[in-house]
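Structure first, then comments.
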Amino acid sequence: MQHAIITGGSSGIGKAIASLLIQQGYSISLIARRPELLEGAKIALEKERINPKQNIYCFSADVANREQITEAVETAIAELGAPDLLITSAGVARPGYFAEMPVDVFEQAIAVNYLGTLYAIKAAIPAMQQQQKGQIVMISSGAALIGLYGYTAYGPSKFALRGLAESLRGELKCFGIGVTIVYPPDTDTPQLAAENKTKPEETKQITGTAEMWQPDKLAAVILQGVEQNKFAIAPGLELTLLNRLHSLLAPVLNWYFDGIVRKVRDS
Ligand SMILES: NC(=O)c1ccc[n+]([C@@H]2O[C@H](COP(=O)([O-])OP(=O)(O)OC[C@H]3O[C@@H](n4cnc5c(N)ncnc54)[C@H](OP(=O)(O)O)[C@@H]3O)[C@@H](O)[C@H]2O)c1
């Protein structure tokens with residue numbers, strides 16, 4: 001039976017991916033911090049199983065804590081075998097003005113979004129290399145395709161994932177392990193709702209015209225891209241163009257964004 005390990009699988013995008021995978025017959029290991037959310041996700045997934053032999057394990061762990069996430073991934077592998085899919089969706093986002101955000105916010109973004117992903121991959125690699133199989137799917141962000149006003153803590157942590165994915169791809173290919181990086185657009189999840197509470201007005205206006213995605217639709221696009229062995233998945237026309245033509249588009253977009261910021265500041 002195929003096995004997917006999903007960090008951040010108790011909510012939002014990770015949970016929507018878990019739901020589609022359980023319907024495809026996977027056994028699932030969910031990793032996140034809050035046990036009540038994990039339990040809720042497990043109950044929902046149990047109802048969607050297509051085979052009673054599909055296992056759903058939950059591990060309460062903080063991905064920013066190396067010991068906790070390593071133990072969770074290693075236990076999941078001991079129970080259900082090397083993952084066919086390792087999806088790193090655990091993440092945090094707190095927008096704000098650079099000068100006003102405490103340094104802790106920047107440190108937490110790197111600790112959770114970047115190091116939390118790296119620790120999970122590190123813990124899974126030995127078993128995946130031994131089996132010479134599997135796909136690592138890192139959930140980055142559209143905010144990693146262009147630096148955005150108000151995302152000085154979040155954006156760089158997601159840019160770092162792009163660097164990791166690009167550098168790691170060739171190395172793991174030699175072992176039959178694939179790497180995919182996903183740049184999701186704004187998606188209707190608890191994280192986005194929390195972000196909106198601290199988002200500067202300028203950021204709201206810059207990002208406000210973009211289409212809001214539903215997690216189940218995004219999850220389907222992600223899994224379709226993974227099936228097609230895509231290295232980068234940038235859902236929707238805007239992010240597809242940004243992913244392909246970033247260097248050409250950035251000066252024009254920055255000129256446009258600066259105009260929005262000027263308008264907000266003058267009003
Ligand atoms: N929603 C969007 O618009 C959007 C857009 C682009 C990219 N993304 C990225 O997509 C990923 C999923 O976000 P989402 O919108 O689905 O958010 P969400 O609904 O808030 O889910 C976040 C998940 O990550 C877990 N998590 C957070 N911090 C963790 C930590 N330190 N250790 C372990 N688990 C942790 C949460 O559970 P606990 O809090 O219980 O640990 C939860 O399961 C994130 O990496 C996010 O940056 C989201």
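Atoms within a ligand are numbered from 1 in the order they appear, just like the ligands themselves.
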Hey, does [X] sit under 4.0 Å from ligand 1 if you only count heavy atoms?
X: P185; result: yes
X: T7; result: no
X: S89; result: yes
X: P215; result: no

Worked check of side chain to side chain contact (heavy atoms under 4.5 Å, CB included) between I136 and I125: CA-CA 10 Å; I136 292 167; I125 283 297; 3.8 Å; yes
Any side-chain heavy-atom pair of M128 and F175 under 4.5 Å: no
Residue pair N51 / M1, side-chain heavy-atom distance below 4.5 Å: yes
Looking at non-hydrogen atoms alone, which of [options] comes nearest to [atom]?
atom: atom 9 (C) of ligand 1; options: G91, A93, S140; result: S140
atom: atom 15 (O) of ligand 1; options: N113, D188, T189, I6; result: T189
atom: atom 23 (C) of ligand 1; options: G8, A144, A64; result: G8
atom: atom 45 (O) of ligand 1; options: Q191, K158, K15; result: K158

Could you tell me the separation between the [atom1] atom of [X] and the [atom2] atom of [Y], rounded to the nearest 0.5 Å?
X: L115; Y: Q108; atom1: CG; atom2: CD; answer: 12.0 Å
X: M138; Y: T7; atom1: CE; atom2: OG1; answer: 11.0 Å
X: I43; Y: K47; atom1: CD1; atom2: NZ; answer: 7.0 Å

Quick one: which ligand 1 atoms are inside 4.0 Å of a heavy atom on [X]?
X: A90; value: 24 (O), 26 (N), 34 (N), 35 (C), 45 (O)
X: P184; value: 5 (C), 6 (C), 7 (C)
X: A61; value: 32 (N), 33 (C)
X: G12; value: 16 (O), 19 (O)
X: L192; value: 3 (O)
X: P190; value: 19 (O)
X: D62; value: 30 (C), 31 (N), 32 (N)

Select one of side chain, backbone, both or neither to describe which atoms of [X] lie under 4.0 Å from any atom of ligand 1, heavy atoms only.
X: I13; answer: both
X: A143; answer: neither
X: Y154; answer: side chain
X: A194; answer: neither

Donor on one side chain, acceptor on other, E79 and S29, under 3.5 Å: no
E211 bridged to K217 by N-O distance under 4.0 Å: yes
Ionic contact status for E195 with R94, cut-off 4.0 Å: no
Polar proximity ligand 1 side, T187 side, N/O cut 3.5 Å exclusive: yes
Taking [atom] as the reference point, the nearest protein heavy atom with its distance:
atom: atom 18 (P) of ligand 1; answer: S11 OG, 3.5 Å
atom: atom 32 (N) of ligand 1; answer: V63 N, 2.9 Å
atom: atom 29 (C) of ligand 1; answer: R33 NE, 3.5 Å
atom: atom 43 (O) of ligand 1; answer: S10 OG, 2.7 Å

Crowding at NZ, K133 (>12 non-hydrogen neighbours, <6.0 Å): yes
Is there a chain of hydrophobic side chains (I, L, V, M, F, W, Y, each step under 4.5 Å between heavy atoms) that links [X] to [Y]?
X: L20; Y: L86; answer: no
X: Y256; Y: L148; answer: yes
X: I181; Y: I17; answer: no

Plane angle bin for F59 and Y57 - parallel if under 30°, tilted between 30 and 60°, otherwise perpendicular: parallel
